[in-house]
Every structure is written in C-alpha cells, then in structure tokens.
Amino acid sequence: MKITLGLDSTSLTRRYPRLAILVTLFMAFGVPLSLYVAALAIFPLNTPERLNAMAQQWLGFNLAGSPYRYLVYTGFLLLVAFIAVNYTAVFGGVSTWVERRVAGRMQSRIGPNRTGAAGFLAWVADAVKMVLKEDTIPASADGLLFRGAPYFSMVGLLLPFVVLPFGESTVVTDMNVGVFYVTAVTAFVVVGILVSGWASNSKWALFGGIRGAAQVLSYEIPAGIALMVPVLMAGTLSMQGIVRAQGGYPWDWFVFQNPAAFVAFFIAVTSSLAEGNRTPFDLPEAESELVAGYHAEYSGFRLAIFLMVEWANMWIMGGLAVTLFLGGWQVPGITDEMYKAALGTGLVPSPTWFVFQALSMLVFAVKTWALVFTFIWLRWTLPRVRVDQMMSLCWKYLVPGAFLCFIVTLLWQLLVPPVGVKITGIVFTVFALVLLVKFLIDTRRNIDKVKGDRVDLSNW
Amino acid sequence: MTQEEVCAQLKEKFGEAVGALSETKGDRFVVVKSEKIVDVCRFLKTTPGLDFDYCQDITAIDWPARKVIEVVYHVYSLEHRHGLVVKVETDRDKPTLATVEGVWKAATWLEREIYDLFGVNFEGHSDLRRILMPDDWVGHPLRKDYQEAGGYHGIGNTRPDPLVQLSKTTDEKRKAFVAAATAAAAAAAPPVVEPGTATTTATAIPSAAADPEGKV
Amino acid sequence: MAIDMELDRHILRRTDAGDEEIVVNFGPQHPSTHGVINFVTQTNGEVIRRSVPDVGYLHRGLEKIGEQVPYPGYMPFTDRIDYLAAMFANEGYAVAIERLLGVEAPPRAKYIRAIAGELCRISNHFISVGTMAQDIGAATPLTHALRERESINDLLEELCGARLTFNYHRIGGVAFDLPVGWGDKVLRFLDHLDSYIQEWDRLITFNKIFVKRLANVGIITREKAIDYGLAGPNLRGSGVNWDIRRDMPYGAYPDFEFKIPVGTGRVGTIGDCWDRFFVRVQEMVESSKIVRQALAKLPEGDIQAKVARKLKPDAGEAVGRVESARGEMLYYAVSDGSEKAYRLRVRTGSFMAMGIIEELSHGIMVADLIAIIASLDVVAPEVDR
Amino acid sequence: MAEAIREYFGHITDVVKTFYQGLTVTLSYMLRRPMTVQYPDRLEKRMADMLPSRYRGLLEVDMAVCTGCMACERACPIAVIKIATDKDPTNPKQRVITQFDIDESKCMFCGLCVEPCPTGAIQHTHEFESTMKSVDSLVFRWVADPEQPAPFYRPVKGQDAPRAPLGEILRKKMAETSWIAPPSILGPGGPKQD
C-alpha cells in the first residue's frame, strides 16, 4: 500500500483555500478590530462620574452613595486592563509576523507564507506551540527567580499602557504625571532581564543579563531628558495635554516646531531602541556572541512571555515617540471644539463622536505602525555595537545632546514668538518632505544600479 | 638564489652537519643532523642574503623500513622568492628533536600536530599537547604501524557493511543456483543452515522487495 | 597548562587582580565559531584574559586516507578538505601529482581550471564576508551574499554536476569541458556581480558601526603575520604583497593581468579586521576580471593529458602550491612507486590562522574575539583535515 | 581640542551618511523579487527536471548494457559497488552477473565510477529525493534475483549501447521500495523496524 505524504497530501487549508483566507482575515482584522472597538466603547466610560451617571440613569441604582462603588470601579478597570493586555498580546504576535515578512523581503527571501493566507497564522501557531511546549527549568537554576523573571518584564511592558492614549478620549486614565510615570515604569523590564540572567545559572545568560542591565539603565537618562523637551513645549506632563498642545498638520507637531525637538526626537528614539533591546543595541541577546543571552535557558510559555515583551515593546516605543513628538492622535481636520460639540450633553455621545474617536485612533495606529516598521527596518540593516561603544555612545553623545536640547528648548520658548515657531514648523516640515522624497528617489535608483535587477513584486 | 647556492652557504657554515642536495626526482631536499637543526634554521632565517622568514610547513614521514621518522621543513623567503626543503631524521622508537618555535612562531602548532600524529617529542616546545586527537588518545595515527582504534570510549565508528552481508547471502544463493542447475539430481537439498550469521540470513534473504516473503 | 582547568570547576573565582573570572567554552557548538571549534576562554564577563583554541572535533584523518586510496581515487576527498573552496583543493592535489609524474595539463585545461577556481574564490569570499557581517550583527548582508553565491553554485553545478564537492579536476586536466553557452551565462553573472559589489559596499562595508567594530581590532603586524606563517587574505591584510598566482605562477595565471589587493589601513591601522575584510571584497572584483580574461582567451584543444589508467609514479616527492581562497594550500606528496601515495601532507591557510588567535586574544572583548575569528576566515574542516 | 571636536561631529555625520545609504539599499529590496524557489510544492515542473544535465544524483545501472568489466567497482574510492560474476552453467561461453549492489546510503556521488564505464550502463540520475523508511532500503540491488542473472553485454563496434532513458529504472525501483522497510539485512542488531 502506498502512503502518500508531503506533496499531494490534502491538508485542511489546501482543500478549502477559502477557509484559510477566512480564518486569516478573522485573525488579521477581526481580533484587533474587536479589541479596538472594545477600547473605543469602554475606555471613555471609565471615569467614576460617568459610571455613576450611567448607573443612575439606566439602572436607577444610586452608585455614588453605595459602599460598593469602588468594587464596581475596579471591576471596570479590570475589564479595561483585560482589553489592554489582549491588545498587547495580539500586537506582539502580529508584529512578529510583520517583522518576519518584512525581514524576509529585505533579505530577498519570502518569510512565512504557508500557515494561513500569506503565512499570517504563523504567529498564532508559534503562540500555541510555545504554550504547549514543555517549559524546562535547568537543574541548578534558582527556581523561584527563574519562574518569576518573565513576569517582571511583562509588568514593565503593560504598565505604560495606562497612560498611552489610543485616541482622543480612549485612554485608560489621563494621568497628569503621564510622562514621568512612563519613564519610571519602563525600568521594570530590566529587572526581568537581570533576574532571568542570574537565575538561569548559565554563563551565557549571566553575560546577557549584566549587559542588559548596563544598557537599559544607562539609556534611561538620555530617554528621560529627551522626553522632557515636549513636556517643556506643552507645559504639562499629561500625555493628553501634550497631544492637545500639538495640531493635526505636520507643522504643528512638536518635532518640527523647534530644532532642539527635532534632535530630541532622534535621541528619544535611539534610547528607546536601546531600552527595547533592538538592533543596533540587541546586546543582551546577541545571537552571535552569547548564543541567546538572558533567555537562553527559557522555553515554553516563559519564553513566549519574554518574546512578547520584546515585540510588544515596539508598540510602546513607537506610541511614546508618536504621542510626544509626532502629534499623537491629532486628526488633521478635527479641532478640540469639534470633539466637544460632537460629545453632546446626553449620557451616550452622538455617533459623530464615535466616528471622530475611530478616526483619531486610526491616525495614531498608522503613525505608530510607521515607526514600528522603521524599527524593524533598522534591525535588518545595522550591525550590533560593542558593549563599550554602546556605553560611550550613551554617555558621550546622547546625554550631552539631550541636555543641549533641553536648554535650547528653554531658550526657544523664551525668545521665539509663536509666529516664529509656526515658521520653523513649516520650514522643518518642508525640509523633512524634501529629505523623504530624495530618500525614495535614491531607493528607486538603487534598484537600477545593480544590473539585472528590476522592480518585481511577484513571488509572495 | 638557487637551491645549490643556499646549500653551498649552509655547507660552508655547518660543514658535515649538512648533507648534499639530493638528486631524487621531483623536489630536492637537504638532510641535516638533528642536533644542528635549530642553528641551521636560525642561520637560514637571519643571514641577510637568505632571509627564509616564511615557514611554510613542517611535517613528518614515517619510514619503518629505515626505522626513522623524518621531519621535513618547507621554508621559504618572501623577499628573494626562493625556497628550501630541509629534512631531519630522528630515531623511530624514541623520536626527539629540538623545537624551532624560537625561529618561526608558525612552528608552535605545526610541531604540536607532528607530536600528536607521529609522536615526535619536541624539547623546549612551549605547549606540547595533542592538537587534533582527544587528549587521552592512545597511539599516533599517522604512523605506518598504527592499528585503527575502531571507536572512542565505547562509541564505535564502524557500521556492519551491508554490502558484505549481502554478498554472503547472494553467494549462498548462487551456490544453490549453480548446484541446482549443474547437478542433475532431482531435488537439490536445501542449503545447510550454518550457525552464526546464517540464522539471520536464512530468513532475511532480501529478494526484490515486491516478492512475497515466502518465496526464497 | 594552556588554561588552568581547575578554574573550570569554579563558576566565579577571584583572581589576584581582584576581579572575578570564569572559564567559558566558546564552542564547540557556537553560532559564530565557523564550524566545530572550541575556544576555551578565561574572561571576567566582557574582557578576555586568554582564549585557547581547542581543535580536532572535525578531524577525519584525510592524510591517513591519502595513504590508503589510489592516486585518482583521492580526488573526491580533497573536496572535503575545504568544502567552501573545493575547486582549489582539487587543483592543488592535481598539480602536486602532476609534478610528481612530470605531466603537464594542456593549456585549455589550465584556463578552465583558472575560470572554475576564480568563480569558486568569489563564492567562498561571499560566504566569508557574509558570515563576518552576520557575526558582527547584521543579518541582511549574509542572505544577500548567499543569494549571489547561489548563482555561482548553479554555474558550477552546470559545469561539473555538484554544488559544493565538485570533484572536477583530474590528474593531468579536468573532467568535463565547458557546456555550450556556459561562457555567456558566466559573463552575464559577472556584469551583475561587479555592480552588486558596489551596492555591498554601500550596505555594510563603510557602515559606521561596522567600521567601528572592526577598525583597530585584532591588529596583526607585517612581521607577526609572516612569523606565524599566515597565508592568503590574512597575510595580504597585513600589508604583505604575496600571492602565489603572481609570485610562484602555476597553471594559466601568467597570461592574466590582475591586481593583488593589499591591506592599507584605510579606516584603522594596517592588518586590522577591517583590512582583511576589505581585501576579500576587492579580491572578488579581481577574480571576476580574471574570469573575463580567461573566457576571452580560452584556447582550443583537449582537456586531459595522456595519463596511465593505473598511476604508478616512481619514487620521489613533490609539492603542489595553489593560492586557495583561504591562502596558500600546499600538497606534499611522497611516492614510493606503488599505486598509493606513501605520504600525503596537506597544509592549509586556516590551520596557520588558528595559531595566531591565542596571542591576539589577550585583553580583547568577547565581541572582538568573534570579529577576529570571522576576519581570519577559519573553517573547521580546513583546520582539522 | 579642535581636532577632538571635529572628530566628535565627524562620527555623527559619518553615522548619518552611512545609515542613509544602508537604509536605502534595504528598503530598495522591498521592491525586488525574492529569489526563493518554493520547493517542493509551488514549482512549475518537477525539481529533478530543472537540474542541469551533469547533475550527479542517485546512481542507476541499466543491466541490459552492463559488460560486467567491474571498472566501476575498482574506480570507487570507498568500495560502495559490489559485483559478483559467474559462468553461466547453461552455455559455457557466456558469463553472467549474479550480483550488482550499490549502497547508495554510503555513496558520495563523486562520479568516478561513471567515467570508466564503456557503455554508460552506470549513470548519475537527477533524482535526489531518497528518503527511505530504513537505511537498508538504500542498498539498491540492480540484479533483482541471482537466479535470473544478467548476461554480459557485448558492445557492438561503432554503435552506442541502447541504454534505457536516464532515471526511469531508478524511479520505478524507488517507488516500490521507498516506503516498505525490507527485513533488516544487518541481522537482529540492525536498526529496529516498526
């Protein structure tokens, strides 16, 4: 009897290609969209006043007075946290798929294209595999710390979601110390790296852990100072305040409003690259030197957590930079008054308000995905810096640069009238546009420089 | 500078320690006494006219017939583009030789390899350890009388050769075929089943895979 | 003792200098030791006190096999000596035995040997340059290098039937003639190659991080390179203008003019890792020039000299030197008149390069050790044979 | 001091320039065709047919044209070929080949056996997919049954030997044997059969 294996075996997706596409579409758009709609619906309603009003009007129950009101508020907060955590996990997965496809294309290969349409379900398969895989613990590892390490990193990943604004009013809580809170909280990730490096009791992990600690801690400084620049320009630490201080059009964004902010933007992005352990700073898990760095001994679900932290961190890095420098969720056409008008007086806002929210969330997502694409693009172009070069880059270039930007912004605020700020905004926007166009032309010309290559988008 | 001139200079400097340039087919070489090898090499390297600064290769050849292990030095001068082959003979049972590591640093690893594969002991070598074979290996593989170890710490490196096994089965079958064809006797007696390997082969005669098992 | 093995049992041991030290085994299974090589390293985490290479994991005893297999039968084994530049291993063995027999390959065979050899050199340099970029952290140059190497593998597969272990040379000539239309396929590839190498330079060669990681790292002075017997790009990287194709010409190389790229210390000092890297990149351009000239002046005639079917060279010894991609490959064949060689010695460039790593490893960082190993382009099969 | 400042800012401009060039190159690859050949299932024709004519795949012997000269057995450096010849009892002039086995699991595809073969009986096919249920199945027996041995083929002067098209015999044999594990030739100690 002939057992046919491999080529012509009719696996599920081959017999019903439509099924594969349906499942992929559901996973690709259904899940993130449902999370977004849930965020859209629930985040704004999250303030105690609104909750009391809702309870009063719909259920006739006087929530404000009852002793259990804090229970209800925390219940709602848990629901919101559930949405945020799910969004992180889904984004972590989707960005791995995007990274593997983009990296493939940049390395003139394909990347995953068999599981699901265009290989999109690869990350679902990875997640399931990782959860089902046996998570071995080295015999001489420090059991408690070894098990706990990934959750430190995960906490460090999830806390910034509290202040990261998705849209005009879809933010978990609009803290008035937003930026300060974010810089404080992102240090948690390094605790996870250090603890996992030490607890694995493997020399490679130890090297990776120590390098991670040195890197993330020393890059907190330039990141912190560079983030102060938009705070100065907006006058408030609150993330929503900073975004409202910027307009929708590029010349209203802080990044173009003064030269120091332009430089501070690049310093902030470089330092957040280092904090997220992305190339050119992926020293803690340098494959070619330390085999796999701090998560060398991990497998199964704990490794899934570490990898999720690494990839979901890109959203936070991108989101932070977009909120503070690139105008956050500001939709070019819509001003504050229009949001207020659309909000209306009743308990349930008018549909136009929801449309505006969706638009603002979309703008924020597009800008953040653009930055995430840049992080991926940088990873597959640049080599890795050495440990001492990383430290010297931080202390000799980024820290003095950040201080300089801080001082220049102060002087800029004092000396330059608002109309001057607007002019520099326009001048810098034009300069950026010209640079972008030149860049794209060079890219196109690169293809013709190599004989025998041409633009060819086939072979997916 | 041709090899003859180099040999002449050597001869003139070291007298009888340096033999004549050989007349054999292929490359010609110079035989040097084993006590003088370090001085000869230092002389070759340092004298201005010779400048043999590039030690291309040091290797050894085992001559059991002459009870000698010959150590061969291929030295070359990058400046003057001339080369020389120097040979030293050491006794085969207790081969010892002075190291030329002082003259060329390249000799460190080359001599370690000769020590590992031939057993030539280089006195004064900074770090004489086995280089290719495991540290606790017994014997020197490149010697002519070396018996293959067939494995290391119980891990065998030989697999029963299927072809040898196969030919045994087919020999028996062919004898059976020839016996059946030539002997006019009515029923050829079934082949006697020898002990040992026969048990496996009797049942496991692999005719064309499609044949059912029964037909032998 | 090379490294105090007693150190190995302690995870952390306080030395007299006050800092704690560990003995780490870089290898034998390690992503960037280019094959099965182990570097026993004494380090305090970042700075290496000493790193002693421990080789022999891939020792197959090819020299012993040389004494047990008849002369023509040994040719496939020479591919296994350096499977990334197998054409040169074949050519070296063929040249050695031809000098032993006193036979001369016909001119067409010499030209074909030069073409196949230089193509193989380009493919080997792509691997060495690509893996070096990978070890420094940039993954994309490696896949681009492998893509270009694929086209060469396809060309050589059309020529001799195999992609890696060619077994294409024979004693006294080559096994097959060039297939029809193969020449212009090669020329089309070379046009693409020359323009691609400029893109390679834009992508990685002058990348600031790449330069900072390689400049002034693992500096080998001219005297030290000669003293340690380095060969090929490692020697030329240190400024020594020495290439067997030009200085001890063999085969068809006297008929071609080509430049020998030598390290000039353009970004750091002469003889640092970047110089060796850049010498290999330039050598690719030179090799494509040679292949063009060889294809243009390819003579007619047969491709195999008259050689007896059962080779029995009379007693004597001969040396075959070939400028392999990893430097000078020296075959020293001693025959005693029988059908099998009495002694076959193969000296390779990587073995000599391994010898210098211990001395370079004092006081460098872990990432530099990886960069030095990659720049010396050592490959385990060539070291252990 | 001025030198240090110039060098300090020189580093920064170098970084910007070289990153700019590097990034343009990688972005340009987003618009070029990846070179991946999507073996095994998304190819226009079988991989074996896309290989060049000199490709050295699995060995195949056409017993009809084998002259029994055993040149290939002598040429093989690792003794992978095993031939046994015998006098044909029925007519004394004719000799027969009763055994012609090649252990393809040990063969290193070097092509030294194909060269001396006078009639081209032994050839490298373009087949390379030789996954078998057990390594013993890779020992191909070209004389199927010693009882029907193959007679020596006498080559006719000036005429090419009528050889079967390349790969045909091998594909048929592989189709039969690849997924059926023969009883182990190597005796009880051999690899376990499921």
Side-chain angles (χ1 to χ4, degrees), chain C residues 65 68-80 90 138-141 143-144 146-148 150-151 154-168 170 175-177 179-180 182 185 196 198-212 267 304 309-310 339, chain D residues 7 9-30 32-37 47 50-59 69 71-81 106-116 118 123-126 128 166:
Chain C
I65 295 173
Q68 291 158 357
V69 168
Y71 285 102
Y74 189 67
M75 192 58 83
F77 288 97
T78 55
D79 300 332
R80 270 78 180 171
N90 289 352
T140 312
T143 32
H144 289 183
L146 290 178
R147 180 197 67 225
E148 297 304 321
E150 273 315 305
S151 352
D154 292 345
L155 287 172
L156 291 177
E157 187 180 39
E158 268 177 59
L159 179 64
C160 45
R163 301 169 60 84
L164 206 63
T165 52
F166 306 113
N167 188 19
Y168 175 53
R170 295 293 178 270
F176 311 102
D177 205 332
V180 175
W182 190 76
K185 271 192 196 157
Y196 173 72
Q198 275 127 36
E199 177 180 280
W200 173 272
D201 285 350
R202 282 201 307 278
L203 176 64
I204 192 75
T205 308
F206 298 105
N207 183 301
K208 190 60 186 168
I209 296 181
F210 194 72
V211 164
K212 286 285 280 180
V267 289
Q304 170 74 38
R309 180 164 295 284
K310 271 171 92 68
E339 206 189 11
Chain D
E7 198 207 330
F9 288 104
H11 286 320
I12 298 173
T13 46
D14 272 357
V15 164
V16 171
K17 250 202 304 353
T18 49
F19 281 20
Y20 178 90
Q21 281 173 358
L23 289 169
T24 50
V25 169
T26 32
L27 189 65
S28 67
Y29 271 94
M30 291 296 288
R32 300 189 215 187
R33 185 181 193 284
M35 60 160 298
T36 320
V37 172
M47 190 59 176
M50 292 158 71
L51 294 172
S53 64
R54 286 183 184 158
Y55 180 75
R56 300 202 291 257
L58 290 169
L59 279 171
C69 63
C72 53
E73 186 178 12
R74 277 194 304 276
C76 176
I78 44 176
V80 152
I81 300 170
K106 219 163 76 173
C107 166
M108 59 177 172
F109 307 110
C110 63
L112 286 179
C113 53
V114 172
E115 270 167 40
Q123 291 283 351
H124 279 290
T125 60
H126 291 179
F128 58 92
L166 195 61

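A, B, ... follow the sequence lines: proteins, then strands. Residue 1 opens every chain.
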Considering only heavy atoms, which portion of C/Pro70 lies under 4.5 Å from any heavy atom of chain D: side chain, backbone, both, or neither? neither
Starting from the C-alpha separation in whole Å, work towards a yes-or-no answer on side chain to side chain contact (heavy atoms under 4.5 Å, CB included) for D/Phe19 and C/Ile209. CA-CA 9 Å; D/Phe19 281 20; C/Ile209 296 181; 3.6 Å; yes
Rounded distance [0.5 Å steps], [atom1] in [X] versus [atom2] in [Y]:
X: C/His144; Y: D/Met35; atom1: NE2; atom2: CE; answer: 11.0 Å
X: C/Asn167; Y: D/Met108; atom1: CG; atom2: CE; answer: 7.0 Å
X: D/Asp14; Y: C/Asn207; atom1: CG; atom2: CG; answer: 10.5 Å

Chain D contacts, top residue of C/Glu157, C/Arg309, C/Arg163 (heavy-atom pairs, under 4.5 Å): C/Glu157
If we define contacts as heavy-atom pairs under 4.5 Å, which of C/Glu199, C/Gln68, C/Arg202, C/Lys212 has the most with chain D? C/Glu199
Closest non-hydrogen atoms of D/Ile78 and C/Phe77, given as atom of the first, atom of the second and distance, are CG2-CZ, 3.8 Å
In terms of heavy-atom contacts, D/Pro77 and C/Val69 come closest through CB-CG1, 4.2 Å
May I ask you to test the C/Arg170-D/Leu112 pair for a side-chain heavy-atom distance under 4.5 Å? yes
Do D/Lys17 and C/Lys208 have side chains that get closer than 4.5 Å, going by heavy atoms? no
Residues C/Leu159, D/Arg54; criterion side chain to side chain contact (heavy atoms under 4.5 Å, CB included); working and verdict: CA-CA 7 Å; C/Leu159 179 64; D/Arg54 286 183 184 158; 4.2 Å; yes
Which one, D/Val25, D/Val15, D/Leu51, leads in non-hydrogen pairs under 4.5 Å with chain C? D/Val25
If you measure from the Lys or Arg side-chain nitrogens to the Asp or Glu carboxylate oxygens, is any gap between C/Glu339 and D/Arg74 under 4.0 Å? no
Using atom types as modelled and distance alone, determine if a side-chain donor or acceptor of D/Arg56 lies under 3.5 Å from a backbone N or O of C/Phe166. yes
Walk me through whether C/Leu203 and D/Tyr29 qualify under side chain to side chain contact (heavy atoms under 4.5 Å, CB included). CA-CA 12 Å; C/Leu203 176 64; D/Tyr29 271 94; over 6 Å; no
